[in-house]
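A, B, ... follow the sequence lines: proteins, then strands. Residue 1 opens every chain.
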Number of protein chains: 2
Amino acid sequence: MISGTNDKIRYVAFKLFLEKGYEATNVRDICKEVGIKASSLYFYYQSKQELFFSIYDEVWNDKIRFLESIEELRQDISPDIKLITLFKKTVEYCSNDLAKQKFLLRYHLFPPQEIIKILREKYKFWTDKESGIVSDIIQECVDKKVLRCSRSTTDYIKDYIKFINFHITEMIISNIKISSNEIYSLWFSFWNSNLLKQ
Amino acid sequence: MISGTNDKIRYVAFKLFLEKGYEATNVRDICKEVGIKASSLYFYYQSKQELFFSIYDEVWNDKIRFLESIEELRQDISPDIKLITLFKKTVEYCSNDLAKQKFLLRYHLFPPQEIIKILREKYKFWTDKESGIVSDIIQECVDKKVLRCSRSTTDYIKDYIKFINFHITEMIISNIKISSNEIYSLWFSFWNSNLLKQ
DNA sequence: GTCTATAAGAGGATAGAC
DNA sequence: GTCTATCCTCTTATAGAC
């Protein structure tokens with residue numbers, strides 16, 4: 001899977017950006033682990049910052065493409081089933097690669113001042129995409145009166161995304177994966193108390 | 001409240017260590033905001049590292065001293081009331097100074113490699129103190145058969161602390177304070193489903 | 001593509017004057 | 001206590017050889 005200098009650079013850089021953080025990770029350390037001299041990295045990337053954002057975008061892109069590729073969401077099934085499917089698949093996806101989610105959490109919670117502006121733009125770009133996916137299903141729920149529209153569609157979307165992120169964060173921090181059984185019990189508790197309440 | 005050079009140094013350093021992180025915060029920046037030259041800081045602290053740990057310990061010490069000072073925990077009342085009181089008071093304390101809790105979360109989740117060893121020791125020292133406080137009450141619950149001892153005391157302690165930290169983390173990340181009403185509903189849901197389950 | 005060499009600057013920390 | 005001056009190291013990034 002990891003072949004070629006560029007792949008190695010990206011692999012090592014991701015690891016160090018996650019563990020040590022952007023500022024504390026230096027080009028020499030990355031290159032030392034890759035097995036090249038620091039100057040060689042500049043053949044692949046114009047700067048440390050470009051390398052970072054290339055990785056940051058890839059992590060987000062992988063996640064969004066996964067969400068968009070969930071077949072159930074395009075099938076003609078009840079939209080509330082779509083909501084729980086999206087929750088289940090998201091938790092499973094994140095469980096399989098907690099490091100990537102921890103990476104996203106790190107740079108969301110503690111953005112380096114040096115790159116904070118671009119980071120916020122990119123964060124908005126990607127979370128907007130995420131919202132779009134959720135938005136379509138929630139809208140379907142409202143249209144088909146599965147959700148009774150006592151609250152605004154926007155509120156439903158926010159609550160749903162907050163619910164998912166909350167449990168992903170829990171997994172990252174406690175480093176314990178949520179089991180399939182738990183997914184359903186968490187979902188029904190959320191569905192009953194938050195989405196259906198008047 | 002903030003008078004004297006040392007207080008100013010600690011105030012500014014805390015702010016920058018929280019926002020920019022340990023590595024990205026440099027002595028010159030701290031001193032510039034304080035209004036002194038970098039060399040003057042070394043009159044108060046031997047190193048940047050010493051300054052950091054002095055602040056880190058103070059944040060923890062304030063929290064532990066607050067927990068130890070809760071009167072209800074020393075009174076002769078039912079131990080399950082003590083548990084909910086400790087939860088309520090902790091949430092209130094953290095609500096009043098989310099920045100300090102975010103500081104602790106930052107260095108727990110993403111410890112700088114340069115100081116990781118000392119950080120882990122100190123973290124263990126302070127969380128052991130925290131466990132001690134909880135431990136006393138849980139033991140009282142088990143002794144008085146308020147908790148039915150279907151699980152080990154250690155498990156009860158872990159679950160209780162995890163429960164509290166989970167909600168503090170939620171407040172930090174969502175930046176929304178938990179209301180008094182919510183505290184009780186969260187508590188009873190936790191009490192019934194986690195502590196009393198067989 | 002990868003190297004050596006090096007520029008240009010930022011960082012932690014110290015010496016010693018006042 | 002606070003300053004100026006300075007040391008030494010680390011860092012990003014570039015120039016140009018191979």
Side-chain angles (χ1 to χ4, degrees), chain A residues 1-57 106-107 110-119 122, chain B residues 1-57 106-107 110-119 122:
Chain A
M1 212 64 173
I2 300 154
S3 59
T5 306
N6 190 25
D7 285 346
K8 278 185 204 161
I9 291 172
R10 299 178 71 80
Y11 174 80
V12 173
F14 169 80
K15 200 186 70 178
L16 295 182
F17 284 145
L18 168 62
E19 285 169 11
K20 302 177 64 168
Y22 180 79
E23 296 102 327
T25 299
N26 66 63
V27 177
R28 273 183 182 75
D29 286 344
I30 297 171
C31 294
K32 201 174 182 182
E33 220 172 307
V34 171
I36 54 170
K37 296 292 169 184
S39 52
S40 300
L41 186 138
Y42 292 90
F43 173 78
Y44 299 94
Y45 302 94
Q46 286 197 340
S47 63
K48 175 181 162 181
Q49 187 173 312
E50 194 194 275
L51 170 61
F52 175 81
F53 282 121
S54 166
I55 292 170
Y56 182 81
D57 279 334
R106 172 166 204 152
Y107 291 100
F110 306 112
Q113 305 277 300
E114 199 183 330
I115 52 174
I116 193 167
K117 220 182 150 184
I118 305 173
L119 212 41
K122 286 187 182 289
Chain B
M1 212 65 172
I2 300 154
S3 60
T5 306
N6 189 28
D7 285 345
K8 279 185 204 161
I9 291 171
R10 298 177 71 79
Y11 174 80
V12 174
F14 169 79
K15 200 186 68 179
L16 295 181
F17 283 145
L18 169 62
E19 286 170 9
K20 303 178 62 170
Y22 179 78
E23 296 102 328
T25 299
N26 66 63
V27 175
R28 281 179 178 80
D29 285 344
I30 298 171
C31 293
K32 202 175 181 182
E33 218 172 309
V34 171
I36 55 170
K37 296 292 170 184
S39 52
S40 300
L41 186 139
Y42 292 89
F43 173 78
Y44 298 95
Y45 302 94
Q46 287 197 340
S47 63
K48 176 182 164 181
Q49 187 173 315
E50 193 195 275
L51 169 62
F52 175 82
F53 282 121
S54 166
I55 291 169
Y56 181 83
D57 279 333
R106 171 165 206 153
Y107 292 100
F110 305 112
Q113 305 277 301
E114 199 183 330
I115 52 173
I116 194 168
K117 221 181 147 184
I118 304 173
L119 212 41
K122 285 186 182 289

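- Nearest to the side chain of A/Ile36, among C/dG12, C/dT2, C/dT4, sits C/dT2.
- In this structure, the ring of A/Tyr107 has its center no less than 6.0 angstrom from the ring center of A/Tyr22.
- With respect to the salt-bridge test (charged N to carboxylate O, under 4.0 angstrom), the residues B/Lys20 and A/Glu23 do not qualify.
- Residue B/Ser39 has no polar side-chain atom (N or O) positioned under 4.0 Å from OP1 or OP2 of C/dA15.
- Ranked by how close their nearest DNA chain D nucleotide is to the 5' end, A/Asp29 and A/Gln46 are led by A/Asp29.
- Using a 4.0 Å cut-off, no side-chain N or O of A/Ser40 falls inside it from OP1 or OP2 of C/dG1.
- Separating the CD atom of B/Gln49 from the C1' atom of C/dG11 is a distance of 15 Å, rounded to the nearest angstrom.
- With rounding to whole Å, B/Lys20 atom NZ is found 13 Å from C/dA10 atom P.
- When distances are taken from the side chain of B/Lys37 to each of C/dG12, D/dC3, C/dT2, the shortest belongs to D/dC3.
- The nearest whole Å value for the distance from the OH atom in A/Tyr42 to the C1' atom in C/dA7 is 13 Å.
- Checking side-chain atoms of B/Arg28 against main-chain N and O of B/Ala38 turns up no donor-acceptor pair under 3.5 Å.
- Here D/dA15 presents its C1' atom at 16 Å from CZ of A/Phe43, a figure rounded to the nearest Å.
- For B/Tyr45, no side-chain nitrogen or oxygen approaches OP1 or OP2 of C/dA13 to under 4.0 Å.
- Across the protein-nucleic acid pair, A/Leu41 atom CG and D/dT12 atom P stand 10 Å apart, rounded to whole Å.
- Ring geometry for A/Phe52 against A/Tyr56 counts as parallel: the plane angle stays under 30°, on a 0 to 90° scale with 60° as the upper cut.
- When the P atom of D/dT9 is taken as reference, atom CG of A/Asn26 falls 17 Å away, rounded to whole Å.
- In this entry the distance linking CG of B/Asp7 with C1' of D/dG1 reads 15 Å, nearest Å.
- Phosphate proximity of D/dT12 to A/Lys48: present, with a side-chain N or O under 4.0 Å from OP1 or OP2.
- Dense packing is recorded around OH of A/Tyr44, with more than 12 heavy atoms of other residues, nucleotides or ligands lying under 6.0 Å away.
- Atoms CD (B/Glu23) and C1' (D/dT11) sit 14 Å apart, rounded to a whole Å.
- Residue order along DNA chain C, read from the 5' end via each residue's closest nucleotide, puts A/Tyr44 first among A/Tyr44 and A/Arg28.
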